[in-house]
Chemist: 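The structure under discussion is supplied below as structure tokens; questions concerning it will follow.
For clarity, every value in this text was computed on a predicted model and none was experimentally measured.
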Amino acid sequence: QYYTNRTDNAVVSNGTLKIIAKKESYSGSPYTSARLLSKGKFTFQYGKIECRAKLPADAGTWPAFWMLGNNITGSGWPACGEIDILEHKGNDLNKVYVALHYPGRSGGNAVSASFLKSNVTSEFHTYGCVWTPEIIQFLYDGTVLFSTGNNTTSMPFNQPFFILLNLAMGGTFGGAVDPQFTSAQYEIDYVRVYR
């Protein structure tokens, strides 16, 4: 997909943010979508973050709510660290994925878990993370799903991070896109940070 800055791909209406993927040829890509990030605008270190969202159901969609270390420009990835609070595949409906990426545990070797949850594409649910100097916990509707229990000083999760929301199409994680795909929507009610 090609991430645009157009309101065709990201718009606030009726009180929610809609990130919209479309099948259209644009700058050499067969799909357009949007990626919103707080880099240069807002970072935080430790606390609780949550997003209330409704996910797309279309095959090939890959919505995500995640964070990257603010030092990515100087350190690169995965040295900056990555906290994936929510990933979902339209090709594997109702399975919620969480992950931590850092040196030695990145890509397919990330510290990760997945959980089957119902109605994630038809109802709003809350996806969250509690992040402290000692622990990183992932939450679904306020209940802890997965806890790392081992944030140490040698890991990159002890510095400011910025927030990302995006709707990717296909790729190694998203998988094959439905040939009949025309459009899909990732709807976000809110993102909140508690410190």
Chemist: Quick one: is the NZ or CZ of Lys48 closer than 6.0 Å to the six-membered ring centre of Tyr194, and within 45° of its axis?
Modeler: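 Yes, cation above the ring, under 6.0 Å and within 45°.
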
Chemist: So Leu37 and Leu165, do their side chains get closer than 4.5 Å, heavy atoms only?
Modeler: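 In short, these two side chains do not touch, never coming nearer than 4.5 Å.
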
Chemist: Tell me, do Asn166 and Ser33 make a side-chain contact under 4.5 Å, heavy atoms counted?
Modeler: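 They are not in side-chain contact.
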
Chemist: Between His88 and Tyr97 (judged by ring centroids, cut-off 6.0 Å), do the two rings come close enough to count as a pair?
Modeler: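 Not under 6.0 Å, so no.
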
Chemist: Taking all non-hydrogen atoms of both residues into account, name the closest pair between Glu24 and Thr32 and its distance.
Modeler: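 Heavy-atom minimum between the residues: OE2-OG1, 2.6 Å.
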
Chemist: Group every Ile, Leu, Val, Met, Phe, Trp and Tyr by side-chain heavy-atom contacts under 4.5 Å, then state whether Trp66 and Ile49 land in the same group.
Modeler: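 Different hydrophobic clusters.
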
Chemist: Taking Asn158 as the fixed residue, which of Thr132, Thr152, Asn151 is the one that meets the side-chain hydrogen bond (donor to acceptor under 3.5 Å, both in side chains) rule?
Modeler: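 Answer to the side-chain hydrogen bond (donor to acceptor under 3.5 Å, both in side chains) test with Asn158 among Thr132, Thr152, Asn151: Asn151.
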
Chemist: Are Lys89 and Phe173 in a cation-pi setup, meaning NZ or CZ lies under 6.0 angstrom from the ring centre and within 45 degrees of the ring axis?
Modeler: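 Lys89 over Phe173 ring: yes.
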
Chemist: In Å and rounded to the nearest 0.5 Å, what is the NZ to CG distance from Lys23 to Asp58?
Modeler: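 Here the interatomic distance stands at 12.0 Å.
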
Chemist: May I have the step-by-step check of side chain to side chain contact (heavy atoms under 4.5 Å, CB included) for Asp84 and Leu100, ending in yes or no?
Modeler: CA-CA 6 Å; Asp84 296 325; Leu100 293 178; over 6 Å; no

Chemist: What is the minimum heavy-atom distance between Thr121 and Pro56, and which atoms define it?
Modeler: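 Minimum heavy-atom contact is CG2-O, 3.5 Å.
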
Chemist: Heavy-atom count around Gln180 CD within 6.0 Å, excluding the residue itself: above 12?
Modeler: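 Open: at most 12 neighbouring heavy atoms sit under 6.0 Å from CD of Gln180.
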
Chemist: Quick one: does Asn91's side chain have a donor or acceptor within less than 3.5 Å of a partner on Gly174's backbone?
Modeler: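 Checking the backbone N and O of Gly174 against the side chain of Asn91, a donor-acceptor pair under 3.5 Å is found.
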
Chemist: Would you find a donor on one side and an acceptor on the other, under 3.5 Å apart, between the side chain of Asn150 and the backbone of Glu134?
Modeler: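 No, Asn150 side chain to Glu134 backbone: no donor-acceptor pair under 3.5 Å.
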
Chemist: Under 3.5 Å, is there a donor-acceptor pair between the side chain of Ser75 and the main chain of Ile72?
Modeler: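 No: the side chain of Ser75 does not pair with the backbone of Ile72.
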
Chemist: Going through the checks in order, is the side chain to side chain contact (heavy atoms under 4.5 Å, CB included) test met by Glu187 and Leu17?
Modeler: CA-CA 6 Å; Glu187 189 172 3; Leu17 167 66; over 6 Å; no

Chemist: Are Phe162 and Leu36 in one and the same hydrophobic cluster, where Ile, Leu, Val, Met, Phe, Trp and Tyr link if side-chain heavy atoms are under 4.5 Å apart?
Modeler: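 Looking at the clustering, Leu36 is in a separate group from Phe162.
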
Chemist: Does Val193 belong to the same Ile/Leu/Val/Met/Phe/Trp/Tyr cluster as Val130, with side-chain heavy atoms less than 4.5 Å apart forming each link?
Modeler: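 No: no chain of side-chain contacts under 4.5 Å links Val193 to Val130.
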
Chemist: Just how far is it from atom SG of Cys129 to atom CG of Leu145, taken to the nearest 0.5 Å?
Modeler: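 If I round to the nearest 0.5 Å, the distance is 11.5 Å.
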
Chemist: Ala184 and Leu167: which non-hydrogen atoms are nearest, and at how many Å?
Modeler: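 Answer, listing the atom of Ala184 first, then Leu167: O-CD2, 3.9 Å.
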
Chemist: Can you check whether Lys54 reaches Tyr186 side chain to side chain, under 4.5 Å on heavy atoms?
Modeler: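 Lys54 vs Tyr186: side chains apart.
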
Chemist: Do Ser29 side-chain atoms and Tyr31 backbone N/O form a donor-acceptor pair below 3.5 Å?
Modeler: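 Not confirmed, Ser29 side chain does not pair with Tyr31 backbone.
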
Chemist: Return yes if some donor-acceptor pair links the side-chain N/O of Glu87 with the main-chain N/O of Ala64 below 3.5 Å, else return no.
Modeler: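 No, Glu87 side chain to Ala64 backbone: no donor-acceptor pair under 3.5 Å.
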
Chemist: With the side chain counted from C-beta on, respond yes when Leu139 and Glu50 share a heavy-atom pair under 4.5 Å apart, and no when they do not.
Modeler: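 The answer is no; the side chains never approach within 4.5 Å.
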
Chemist: In sequence, state the C-alpha distance, the side-chain angles, and the governing distance for Phe42 and Val191, and then conclude on side chain to side chain contact (heavy atoms under 4.5 Å, CB included).
Modeler: CA-CA 12 Å; Phe42 176 78; Val191 173; over 6 Å; no

Chemist: Any chance the side chains of Gln159 and Asn71 put a donor and an acceptor closer than 3.5 Å?
Modeler: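 Looking only at side-chain atoms, Asn71 and Gln159 do form a donor-acceptor pair, the distance falling under 3.5 Å.
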
Chemist: Side chains of Phe124 and Asn119: does their closest heavy-atom pair fall under 4.5 Å?
Modeler: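 SC-SC contact between Phe124 and Asn119 ruled out.
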
Chemist: Would Val111 and Ile136 show up in the same hydrophobic cluster when neighbours are defined by side-chain heavy atoms closer than 4.5 Å?
Modeler: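 Yes, one cluster joins them.
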
Chemist: Okay, side chain of His101, backbone of Gly107: is any donor-acceptor separation there less than 3.5 Å?
Modeler: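 A pair under 3.5 Å: yes.
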
Chemist: Within the side chain of Asp141, is there an N or O that forms a donor-acceptor pair under 3.5 Å with the backbone of Thr126?
Modeler: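 Indeed, once roles are kept as given, a pair shorter than 3.5 Å links the two residues.
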
Chemist: Would a single hydrophobic cluster contain both Phe181 and Tyr26, if residues Ile, Leu, Val, Met, Phe, Trp and Tyr are joined by side-chain heavy-atom contacts under 4.5 Å?
Modeler: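 As far as the 4.5 Å side-chain criterion goes, Phe181 and Tyr26 are not connected within one cluster.
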
Chemist: Less than 4.5 Å apart, any side-chain heavy atom of Leu68 and any of Leu164?
Modeler: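 The answer is yes; the side chains approach within 4.5 Å.
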
Chemist: Apply side chain to side chain contact (heavy atoms under 4.5 Å, CB included) to Phe161 and Lys39, showing your working.
Modeler: CA-CA 8 Å; Phe161 272 61; Lys39 185 167 177 51; over 6 Å; no

Chemist: Check for me whether the distance between the ring centres of Phe65 and Tyr127 falls short of 6.0 Å.
Modeler: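 Judged by ring-centre distance (under 6.0 Å), Phe65 and Tyr127 do not meet the cut-off.
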
Chemist: How long is the span from the CD atom in Gln185 to the CD1 atom in Ile19, to the nearest 0.5 Å?
Modeler: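 Output value for this atom pair is 10.0 Å.
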
Chemist: Tell me the closest heavy-atom pair linking Tyr3 and Ala34, and the distance in Å.
Modeler: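 Heavy atoms only, the tightest pair is CD2-C, 3.4 Å.
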
Chemist: Measure across His125 and Ser118 and return the closest heavy-atom pair with its distance rounded to 0.1 Å.
Modeler: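 Taking every non-hydrogen atom into account, NE2-O, 3.5 Å.
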
Chemist: Could you give the distance from NZ (Lys22) to OH (Tyr2), rounded to the nearest 0.5 Å?
Modeler: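 Rounded to the nearest 0.5 Å, the NZ-OH separation comes to 16.0 Å.
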
Chemist: May I ask you to test the Ser25-Pro30 pair for a side-chain heavy-atom distance under 4.5 Å?
Modeler: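 SC-SC contact between Ser25 and Pro30 ruled out.
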
Chemist: Between Thr43 and Ile163, is any pair of side-chain heavy atoms under 4.5 Å apart?
Modeler: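 Sidechains of Ile163 and Thr43: no contact.
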
Chemist: Find the distance between CG (Asn9) and OG (Ser183) and round it off to the nearest 0.5 Å.
Modeler: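 OG of Ser183 is found 9.0 Å from CG of Asn9.
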
Chemist: Using 0.5 Å steps for rounding, measure from the CG atom of Asn70 to the SG atom of Cys80.
Modeler: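 Here the interatomic distance stands at 9.5 Å.
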
Chemist: Where is the tightest heavy-atom contact between Leu93 and Ala57, given as atom of each residue plus distance?
Modeler: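 Scanning both residues completely, I find the closest heavy atoms to be CD2-O, 3.5 Å.
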
Chemist: Does a donor on one side chain and an acceptor on the other come within less than 3.5 Å for Trp77 and Glu82?
Modeler: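 Per modelled atom types, Trp77 and Glu82 side chains form a pair under 3.5 Å.
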
Chemist: So that I know where these two stand, are Phe157 and Tyr102 an aromatic pair - ring centroids less than 6.0 Å apart?
Modeler: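 Yes: the rings meet the under 6.0 Å criterion.
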
